Amino acid sequence: QVQLVESGGGLVQAGGSLRLSCAASGRTVSSYSMGWFRQAPGKEREFLAAITWSGGNTYHTDSVKGRFTISRDNAKNTVYLQMNSLKPEDTAVYYCAAGELMGLVGSYYESIDSWGQGTQVTVSS
């Protein structure tokens with residue numbers, strides 16, 4: 001299985017920026033795509049973005065398109081989520097995930113192989 005270790009969460013003021021990192025390990029890393037999700041209190045887990053390891057093709061949900069950008073550094077086996085122009089409503093626990101691309105994009109959780117531990121992002125007004 002792919003093991004995922006997240007970092008970069010914290011407290012930021014509205015309008016600020018934050019970059020989350022997700023380091024992946026395991027020999028099967030190259031066979032997976034990676035994605036980011038978030039879950040706010042009382043709400044469902046929400047897909048944000050995904051990226052393929054091989055080609056670096058990216059997918060962003062409309063709710064964050066233009067503000068959040070997913071990227072990867074294959075040499076470091078690390079995926080990033082750059083978050084700009086943060087709003088208080090972005091406050092949530094953010095998770096990275098590894099799995100088949102369309103499973104990530106379609107939130108087919110049964111096809112997602114691994115989840116990170118989650119990292120809290122809090123945006124103050």
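Just so you know, these numbers use all the heavy atoms, side chains as well, and skip hydrogens, waters and symmetry mates. All values reported here derive from a predicted model rather than from experimental measurement.
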Counting N and O atoms only, with roles assigned by atom type, does the side chain of Thr122 sit under 3.5 Å from a partner on the main chain of Thr91, one being a donor and the other an acceptor?
no
Can you tell me how far CG of Leu20 sits from OG of Ser7, rounded to the nearest 0.5 angstrom?
8.0 Å
Pair Glu46, Thr61: side-chain N/O donor-acceptor within cut-off below 3.5 Å:
no
Same apolar cluster: Val105 and Tyr109, side chain cutoff 4.5 Å
yes
Quick one: do Ser114 and Gln3 satisfy side chain to side chain contact (heavy atoms under 4.5 Å, CB included)? Show the steps, please.
CA-CA 7 Å; Ser114 300; Gln3 296 177 331; over 6 Å; no
Would Phe68 and Leu86 count as a side chain to side chain contact (heavy atoms under 4.5 Å, CB included) if you check the C-alpha gap in whole Å, the side-chain angles of each, and the deciding distance to 0.1 Å?
CA-CA 9 Å; Phe68 292 7; Leu86 283 163; 3.9 Å; yes
Are Phe47 and Tyr94 linked, directly or through other ILVMFWY residues, by side chains that come within less than 4.5 angstrom of each other?
no
Under 3.5 Å, is there a donor-acceptor pair between the side chain of Gln39 and the main chain of Val93?
no
Quick one: side chain to side chain donor-acceptor pair (under 3.5 Å) partners of Lys76, sequence neighbours excluded?
none
Nearest heavy-atom pair of Ala24 and Leu4: which atoms, and what distance?
CB-CD2, 3.7 Å
Using 0.5 Å steps for rounding, measure from the CG atom of Asn74 to the OG atom of Ser54.
8.5 Å
All heavy atoms of Pro88 vs all of Ala14, minimum pair found to be CD-CB, 4.1 Å
In terms of heavy-atom contacts, Ser111 and Gly103 come closest through OG-CA, 3.2 Å
How about Gln13: does its CD atom have over 12 heavy atoms from other parts shown lying under 6.0 Å from it?
no
Between Lys65 and Asp62, does at least one N-O distance fall below 4.0 Å, as a salt bridge requires?
yes
Identify whether Trp115 and Val5 are in the same connected component of the hydrophobic contact network (ILVMFWY, side-chain heavy atoms under 4.5 Å).
no
For Phe37, does the six-membered ring have the charged nitrogen or CZ of Arg45 within the cation-pi criterion, i.e. under 6.0 angstrom from the centroid and within 45° of the normal?
no
Using 0.5 Å steps for rounding, measure from the CE atom of Met34 to the OG1 atom of Thr78.
9.0 Å
Do you know which two heavy atoms are closest between Gly10 and Leu18, and how far apart they sit?
N-CD2, 4.0 Å
Can you measure from OG1 (Thr69) to CH2 (Trp36) and round to the nearest 0.5 angstrom?
13.0 Å
Mind listing the closest non-hydrogen atom pair of Tyr32 and Glu100 along with its distance?
CD2-N, 4.5 Å
Is the count of non-hydrogen atoms from other residues, nucleotides or ligands lying under 6.0 Å from Tyr108 atom OH greater than 12?
no
Heavy atoms only: give me the nearest Arg72-Thr52 pair and the separation to one decimal.
NE-O, 3.7 Å
Do Ile112 and Leu81 sit in one hydrophobic cluster, given that two such residues count as connected whenever their side-chain heavy atoms are within less than 4.5 Å of each other, even indirectly?
no
I'd like to know if Ile70 and Tyr95 are part of one continuous hydrophobic network [Ile/Leu/Val/Met/Phe/Trp/Tyr, side-chain heavy atoms within less than 4.5 Å].
no
Yes or no on side chain to side chain contact (heavy atoms under 4.5 Å, CB included) for Asp90 and Met83, after CA distance, side-chain angles and deciding distance?
CA-CA 10 Å; Asp90 293 320; Met83 304 185 293; over 6 Å; no
Is the shortest heavy-atom distance from the side chain of Arg38 to the side chain of Val64 under 4.5 Å?
yes
Nearest 0.5 Å, please: how far is OH in Tyr80 from SG in Cys96?
12.5 Å
I'd like to know if the side chain of Gln120 reaches the main chain of Gly9, judged simply by a donor and an acceptor atom lying under 3.5 Å from each other, with no hydrogens or angles considered.
no
